[in-house]
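Working notes, beginning with the structure itself.
Note that these values count all heavy atoms, side chains included, but never hydrogens, waters or copies made by symmetry. Sequence lines set the chain letters: A, B, ... in the order given, protein chains first and strands last, and positions in each chain run from 1.
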Amino acid sequence: MNEGESELTLAQLARNGASSQPMVSDLRMSAAGAGDLVAKLAPIARFADMFVRPAEQGLERVLVFADDQSGGYLRLICPLDESFPVPLSQVLPAAYQEECELYELWGVEPGGGKPVNRVILPPSAETAEPLRLPGGDRLSSEVRAPHVVQGEAIEFPWGPIRGAGQESLYLGLVTTGEELLDAYLAMFHKHRGLEHRMVGQTLARALFLAERCEGLGAVGNALAFARAAEAALGIAVEPAAEVTRCLALELERIYHHIGSLAALGAATGLSVGQAEAEILLEDCLRLNARVFGHRYIFNLLEVGGVRRGADLAALDSALDRLEARFESLVADLLATNSYVDRLEGAGTIAADDAHRLGLVGPVARAAGVATDLRRTHQVSSTSYVGFQPAREQAGDCLARTLVGAAEVRESLRLVRHWVRSGTPLQDDWAAPGPGQDHVRGPAEGLGWAETCRGEALVHLEVAGGRVSFARLRPAATRNWRAFDDALRARNVFTDVPIVEASFWLTVAGFAR
Amino acid sequence: MTPIVRDLGAQPLSGAAHGEIDAAAARLKRRSQKVLRRSLHIRTVDTGSCGACESEIRLLSSPYYDFHRLGLFFTPTPRHADCLLVTGPGCRAMDHALLSAYEAMPAPKVVVAVGACPLGGVFGADRYTRGEITDVVPVDVVVPGCPPSPLALIHGLLLALDRIEERITLQEGEQ
């Protein structure tokens with residue numbers, strides 16, 4: 001930095017920007033200006049998202065950066081008819097996935113002649129129209145990044161149909177035998193066009209779709225969507241309903257992390273540990289059904305609140321036993337050397353890479369990155385009192401497992417606090433919903449939630465009570481970005497299921 | 001008419017429901033031994049599910065349900081499969097993979113559609129999804145639910161065995 005030049009801070013930028021909602025600042029600028037600013041922001045802010053949206057005149061590009069120190073989001077908005085002088089991913093590697101998607105959705109090239117990967121369109125499609133611009137210039141199949149496997153290496157194809165109960169994706173494992181040299185992922189076989197489907201739908205119907213973006217994260221994704229809609233419509237949520245949402249979010253986190261332990265048991269061949277974890281997982285799902293009426297807590301959230309209260313008596317009576325059995329399971333697993341040895345050093349991600357790729361949630365926290373929206377981006381000041389985010393440094397499968405275990409403990413503590421301290425919780429079948437007063441002209445909102453896999457973001461634009469534009473960015477979108485990096489880190493073939501279980505992401509969330 | 005399974009998993013399991021699991025399980029085992037004279041092998045295909053159906057399918061082999069004791073097994077290859085469990089709304093990019101898996105299975109074979117998605121209950125037919133997987137493969141049994149519980153899946157597998165028995169009887173009659 002030159003002498004006399006003041007240090008750039010996110011807070012300072014946020015103050016200069018227009019505020020469309022609390023904790024969100026917008027800066028409008030030219031593409032050249034945005035390119036310069038992104039280079040300065042890259043080391044100090046976490047890249048969260050990039051998307052293209054229709055504007056009054058043509059299309060515009062929106063970049064979202066998160067401030068993990070003091071909370072809040074900064075959005076850089078620039079017109080799309082100006083291209084970046086250099087590809088954004090050159091200074092912001094995390095943005096490469098979005099660059100590829102934007103090409104197929106809107107026909108937008110990254111700039112600088114950088115090749116993009118075929119990500120959304122089926123691999124068999126030679127040419128196609130941009131998915132969100134029917135009738136636009138046809139996309140060429142020639143535009144794709146080099147993918148060469150040569151020498152003694154071969155690409156071992158796995159997918160898109162995989163093992164029993166596994167989601168579909170294509171994984172090309174490049175190997176000379178046992179050691180993994182590289183991995184190529186094709187993740188959009190399951191693309192359902194959720195964002196496209198939401199356009200023109202009522203908020204209730206769109207929330208239904210947001211919930212099904214990731215079934216094993218339904219509460220978190222629905223919460224981010226509901227908060228975006230509430231920000232757009234200016235709806236205030238009752239504190240009791242807000243705490244009830246957080247309660248559901250933490251119950252989701254508990255069963256999710258226990259599901260990861262079950263998958264790790266299967267991946268390491270530790271049948272007893274797998275069975276113990278599966279028993280606990282089934283008990284958690286049955287507890288969810290007792291407390292909120294659904295094993296995966298579907299259909300609870302609604303724009304403006306929640307549809308029903310929790311069965312607190314059922315929850316209270318189950319907490320102590322659940323915690324004791326969880327602690328016993330974790331103690332047994334960590335005392336099993338053959339299990340711990342498989343996790344230690346496998347699928348390692350360095351802290352620098354975690355920041356560079358914009359990772360979120362337990363995967364980032366296990367690599368030493370302090371990011372947790374429950375600490376920095378609290379929507380309600382009363383929900384997460386005394387919250388302590390988990391953190392490890394090693395970045396390997398064992399670190400992710402330890403972070404998961406610590407998060408279950410913290411979630412259990414929070415749930416116990418909410419249930420037993422007399423915190424007001426929704427106790428009725430009240431269904432607030434947005435009234436006619438809220439159905440008004442165009443408005444937009446950004447919603448976020450710390451789901452069981454990390455930060456989920458939803459950008460929503462509504463007009464006349466219906467969705468006019470939606471962008472979903474589940475945590476899986478960010479974290480799958482590091483999966484191939486983790487596989488390259490001195491692993492062998494049989495480490496792949498272990499790394500996948502420790503990430504415990506969904507393909508559905510990535511493919512949307 | 002395609003049989004439809006009642007989803008008991010939408011509600012918390014009562015003692016009576018546990019009894020129903022045991023009764024269904026015992027019946028399933030008897031039928032498997034009678035019809036196939038061996039265990040039933042199942043291949044799963046996800047055509048765009050949200051992941052919740054996969055979670056319930058994984059739990060079929062967990063200690064609570066332990067479908068191995070009933071002579072039911074997952075198989076990693078369609079060549080050994082009697083039954084194809086299909087989840088998701090039939091994303092078009094999965095058409096080829098789904099059809100290939102079905103065609104690779106030996107006869108007699110059955111297809112069980114799992115969850116609301118493959119029935120067209122969540123997504124319609126458009127450029128992304130089929131809406132209903134019957135456009136790609138014939139469906140013998142549907143197990144509705146979002147997602148259907150492992151108990152409902154066991155009921156569905158029982159009905160699938162009925163269909164296999166019908167086909168074996170039909171084949172023997174033709175011979």
Original post:
When B:Tyr64 is tested against each of A:Leu285, A:Leu281, A:Ile279 for side chain to side chain contact (heavy atoms under 4.5 Å, CB included), which residue passes?
Top reply: A:Ile279
Original post:
So do the side chains of A:Lys190 and B:Asp46 get within less than 4.5 Å of each other, counting heavy atoms only?
Top reply: yes
Subject >> Side chain, backbone, both or neither of B:Asp66 within contact of chain A (heavy atoms, under 4.5 Å) >> reply: neither
**OP:** Enter the distance from A:Ile161:CD1 to B:Leu84:CG here, rounded to the nearest 0.5 Å.
**Re:** 7.5 Å
Subject >> Interface residues of residues 95-106 of chain B facing chain A - heavy atom cut-off under 4.5 Å >> reply: B:Ala97, B:Leu98, B:Ala101
Subject >> Side chain A:His294, main chain B:Cys146, donor-acceptor under 3.5 Å >> reply: yes
Subject >> Between A:Arg286 and B:Ser149, a side-chain donor and acceptor under 3.5 Å >> reply: no
**OP:** Can you measure from CZ (A:Arg162) to CD (B:Glu54) and round to the nearest 0.5 angstrom?
**Re:** 10.5 Å
Subject >> Spacing of NE2 belonging to A:His191 relative to CZ belonging to B:Arg127, to within rounding of 0.5 Å >> reply: 9.0 Å
Subject >> chain B contacts, top residue of A:Gly193, A:Ala263, A:Gly163 (heavy-atom pairs, under 4.5 Å) >> reply: A:Gly193
Original post:
Where do A:Ala164 and B:Phe74 come nearest, in terms of heavy atoms and distance?
Top reply: CB-CG, 3.3 Å
**OP:** State, yes or no, whether a side-chain contact exists between A:Glu167 and B:Ser49 at a heavy-atom distance under 4.5 Å.
**Re:** no
**OP:** Could you please state which residues from residues 205-217 of chain A sit under 4.5 angstrom from chain B, measuring non-hydrogen atom to non-hydrogen atom, sorted by number, or 'none'?
**Re:** A:Arg205, A:Phe208, A:Leu209, A:Arg212, A:Glu214, A:Gly215, A:Leu216
**OP:** Measure the spacing between CG of A:Leu280 and OG of B:Ser62 and express it to the nearest 0.5 Å.
**Re:** 12.0 Å
**OP:** Could you tell me the separation between the SG atom of B:Cys91 and the CZ atom of A:Arg192, rounded to the nearest 0.5 Å?
**Re:** 7.0 Å
Subject >> Polar contact flag, side-chain donor to acceptor under 3.5 angstrom, A:Glu282-B:Tyr65 >> reply: yes
Original post:
Which residue out of A:Val507, A:Asp283, A:Thr506, A:Asn299 racks up the most heavy-atom pairs below 4.5 Å with chain B?
Top reply: A:Asp283
Original post:
Is it the case that more than 12 heavy atoms not belonging to A:Glu276 sit under 6.0 Å from its CD atom?
Top reply: no
**OP:** With a 4.5 angstrom heavy-atom cut-off, could you sort out which part of A:Arg197 is near chain B: side chain, backbone, both or neither?
**Re:** side chain
Original post:
Backbone N or O of A:Gly165 within a donor-acceptor pair of the B:Thr44 side chain at under 3.5 Å?
Top reply: yes
Original post:
Taking C-beta and beyond as the side chain, do A:Arg295 and B:Ser55 meet within less than 4.5 Å on heavy atoms?
Top reply: no
